[in-house]
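Comments concern the structure below.
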Amino acid sequence: LPDKDKYDDLAAKIRESYNRHYWLADEHRYSTWGSCGVALMTGLYPDGEREALVEALVNKIRADDYAMPTGIYGNKYLIPALSEAGYGDVALEFMFNRRHTDFGTMMDDGATSLWECLELKGIGQPREHGTPSYNHPMHSGFAYFLYAHVAGIRPVKPGFAEFEIRPCVYEGIPSAEVTHELVTGAHVQVVGVRQHHLAFDLAQILGIECAFDRAAGGHVHKCRRLHRSVGRFKRAAAGRTDRFLDFHRKFLVFVCKVVI
């Protein structure tokens, strides 16, 4: 890319300055939940500190009794970061525990959209810079985790020319169903996500490469050039995953069962 070296150098300077000013070396974290989440998702943290940062962040959240201090910006990074680190249920706890003001209490107050203020008493009331709204989509910046982490549908190459299905584990989400439309007009429908079982339809995506993985130790298996003449895949060499391709109406149905 043009000017790659220039921007690589700028990124390195930003990272050095960020850590020099905000990294708490003795505590292996930054001062806020949100800043830890941003660093985990962008790689800003010091070299060799990722695992320690995750542990310190989770301990901080628990010490704060899951009272969510993050909002539009922090949650966009924090919730996916915890999910990828294997602590998705920690994120669900501070989002919906209802011991403190959170998305759960907002829902209990009758919300059918995302409010600008999570507390009902803040909606529609005068304030210095305007009136809070009942419909504030900026609060949903984190919602892509439903596709990328709960269902695990993630692009590897532009335009989903190559993508992976790599769901995270959430004890608090026993099952999920997600449909994601690709830029090609095809779609991927994850029809079942459970702890040890995945089932999904690959609709009209012949010729697209797809990789399947589990966050908790599963292997990556790739399927190249899916053709309608193919009826069944062979058992994976590792013996951990059975892979089958059958026909279901107009869909190619791919079932991946992972034993952990």
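Each residue takes its place number in the sequence, starting with 1.
Between the side chains of Ser113 and Asn135, no donor N or O sits under 3.5 Å from an acceptor N or O. Between the side chains of Ser83 and Tyr170, at least one donor N or O lies within less than 3.5 Å of an accepting N or O. No side-chain N or O of Asp102 forms a donor-acceptor pair with one of Tyr66 less than 3.5 Å apart. Side-chain contact annotation: His149 with Glu84, donor-acceptor N/O pair under 3.5 Å present.
For the pair Arg50 (side chain) and Tyr45 (backbone), a donor-acceptor distance under 3.5 Å is absent. For Asn19 (side chain) and Leu44 (main-chain N/O), a donor-acceptor pair under 3.5 Å exists by modelled atom type. Between the side chain of His100 and the main chain of Thr105, no donor-acceptor pair closer than 3.5 Å is present. Proximity of a side-chain donor or acceptor of Ser17 to a complementary backbone N or O of Lys13 within less than 3.5 Å is not detected. Without hydrogens or angle criteria, Ser140 side chain to Ala143 main chain gives no donor-acceptor distance under 3.5 Å.
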Task: Worked check of side chain to side chain contact (heavy atoms under 4.5 Å, CB included) between Phe94 and Ile79 - done: CA-CA 10 Å; Phe94 70 68; Ile79 294 167; 4.0 Å; yes
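A salt bridge does not link Lys4 to Asp9: none of the charged side-chain nitrogens sits closer than 4.0 Å to a carboxylate oxygen.
Just one of Arg99, Arg98, Arg62 meets the salt bridge (Lys or Arg N to Asp or Glu O under 4.0 Å) condition when paired with Glu93; it is Arg99.
Taking a 6.0 Å sphere around CD of Glu55, one finds it holds 12 or fewer heavy atoms contributed by other residues, nucleotides or ligands. Within a 6.0 Å radius of CZ in Phe96, more than 12 heavy atoms belonging to other residues, nucleotides or ligands are found. Around OH of Tyr7, the count of heavy atoms belonging to other residues, nucleotides or ligands within 6.0 Å does not exceed 12.
Atom-to-atom distance recorded for Ser133:OG and Trp115:CH2 is 11.0 Å, nearest 0.5 angstrom.
Classified by interplanar angle (parallel below 30°, tilted 30° to 60°, perpendicular above 60°), the ring pair Phe142/Phe103 is tilted. Using a 30° and 60° split on the angle between ring planes, Trp23 and His28 fall in the perpendicular class, above 60°.
Between Leu40 and Ala81, the shortest heavy-atom contact is CB-CB, 3.9 Å. Across every non-hydrogen atom of Leu24 and Tyr30, the tightest pair is CD1-C, 4.0 Å.
Residues Leu146 and Leu78 share a single hydrophobic cluster, defined by chaining ILVMFWY side chains whose heavy atoms lie under 4.5 Å apart.
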